[in-house]
Amino acid sequence: MAASIPTNEPSQLRAGDTWKWRREDLADYPAPTWTLKYRFKNAVGGFEVVAAADGVAHAITVAASTSGAYAAGAYSWAAWVEAGAERYTVDSGELQVLPDLRAGTATAAQDVRSHPQRELAAIEDVLEGRASRDQ
């Protein structure tokens, strides 16, 4: 049974999964007259998503093969609509991209700690005299 499609941006998604949500609350900016776009950014990079028209709603779908290339971590995002030369920000927020645990082999190790967790561990290693040369 297919899961229902959320009508707002999820706060957490997994890399390597198909991502879907809809924006049905943008009556002032109906599709297909207006195009809804998202930009997700963090300290190491980012990506952009463009919604498709579904009647007057905006439907967002990111293929599993596409999301699998996104780095795990916390992202800030902004959503805006465009029509011709007009552009208006309609929302913003944060998204946690979880790591794709299916990547690699079943027995391969994968560091699933967040960036702040890895940095804190490196600082603790320095303080305790266990830091590697790279740290």
Side-chain angles (χ1 to χ4, degrees):
M1 180 174 176
S4 63
I5 297 173
T7 56
N8 59 351
E9 298 79 8
S11 61
Q12 196 174 62
L13 292 165
R14 185 165 302 279
D17 280 356
T18 301
W19 300 353
K20 288 187 177 190
W21 68 90
R22 291 172 49 87
R23 288 297 299 261
E24 300 171 348
D25 61 338
L26 299 173
D28 291 340
Y29 309 103
T33 304
W34 293 86
T35 301
L36 175 63
K37 296 182 177 184
Y38 291 84
R39 186 158 296 150
F40 298 82
K41 290 195 169 214
N42 67 14
V44 296
F47 54 93
E48 190 170 297
V49 175
V50 178
D54 186 4
V56 295
H58 300 275
I60 297 85
T61 301
V62 178
S65 59
T66 300
S67 77
Y70 298 154
Y75 289 81
S76 294
W77 59 264
W80 70 94
V81 290
E82 294 181 351
E86 292 185 76
R87 180 184 308 162
Y88 302 102
T89 299
V90 293
D91 213 343
S92 62
E94 301 207 354
L95 169 72
Q96 182 71 33
V97 175
L98 303 172
D100 183 355
L101 300 179
R102 297 162 297 217
T105 65
T107 58
Q110 184 175 12
D111 189 350
V112 295
R113 297 175 296 170
S114 68
H115 179 71
Q117 289 171 325
R118 289 190 306 271
E119 292 299 313
L120 178 59
I123 291 167
E124 288 172 344
D125 286 345
V126 169
L127 293 175
E128 294 172 5
R130 295 182 289 132
S132 68
R133 185 167 182 84
D134 287 341
Q135 289 173 315

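Note that the numbering runs from 1 along the sequence shown for the chain.
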Which heavy atom of Ala15 sits nearest a heavy atom of Arg102, and at what distance? O-NH2, 3.4 Å

Side-chain contact, heavy-atom cut-off 4.5 Å: Tyr38 with Asp91? no

Contacts of type side chain to side chain contact (heavy atoms under 4.5 Å, CB included), residue Glu94, not counting sequence neighbours: Ser76

So which of Pro6, Ser11, Pro10 actually passes side-chain contact (heavy atoms from CB on, under 4.5 Å) with Asn8? Pro6

For residues Leu95 and Tyr70, determine if any side-chain heavy atom of one lies less than 4.5 Å from a side-chain heavy atom of the other. no

Atom pair NZ/CD of Lys37 and Glu48 - distance to nearest 0.5 Å: 6.0 Å

What about Val49 and Trp80, same hydrophobic cluster or not, with Ile/Leu/Val/Met/Phe/Trp/Tyr joined at side-chain heavy-atom distances under 4.5 Å? no

Find out if a path of hydrophobic residues (ILVMFWY) with successive side-chain heavy-atom gaps under 4.5 Å connects Leu98 to Trp77. no

Nearest heavy-atom pair of Ala57 and Glu24: which atoms, and what distance? CB-CG, 4.0 Å

Residue list, side chain to side chain contact (heavy atoms under 4.5 Å, CB included) with Thr61, at least two apart or on another chain: Thr18, Lys20

So Tyr75 and Leu13, side chain to side chain contact (heavy atoms under 4.5 Å, CB included) or not? Walk me through it. CA-CA 11 Å; Tyr75 289 81; Leu13 292 165; over 6 Å; no

Which donor-acceptor pairs under 3.5 Å do the side chains of residues 26-36 make with protein atoms, sequence neighbours left out?
none

Counting distance only, does the side-chain N/O of Asn42 pair as donor-acceptor with the main-chain N or O of Val44 below 3.5 Å? yes

When you measure from the side chain of Arg22 to the backbone of Ile60, do you find a donor-acceptor pair of N or O atoms at a distance under 3.5 Å? no

Please find the pair of heavy atoms, one from His58 and one from Ala51, that lie closest to each other, and give the distance. CB-CB, 3.9 Å

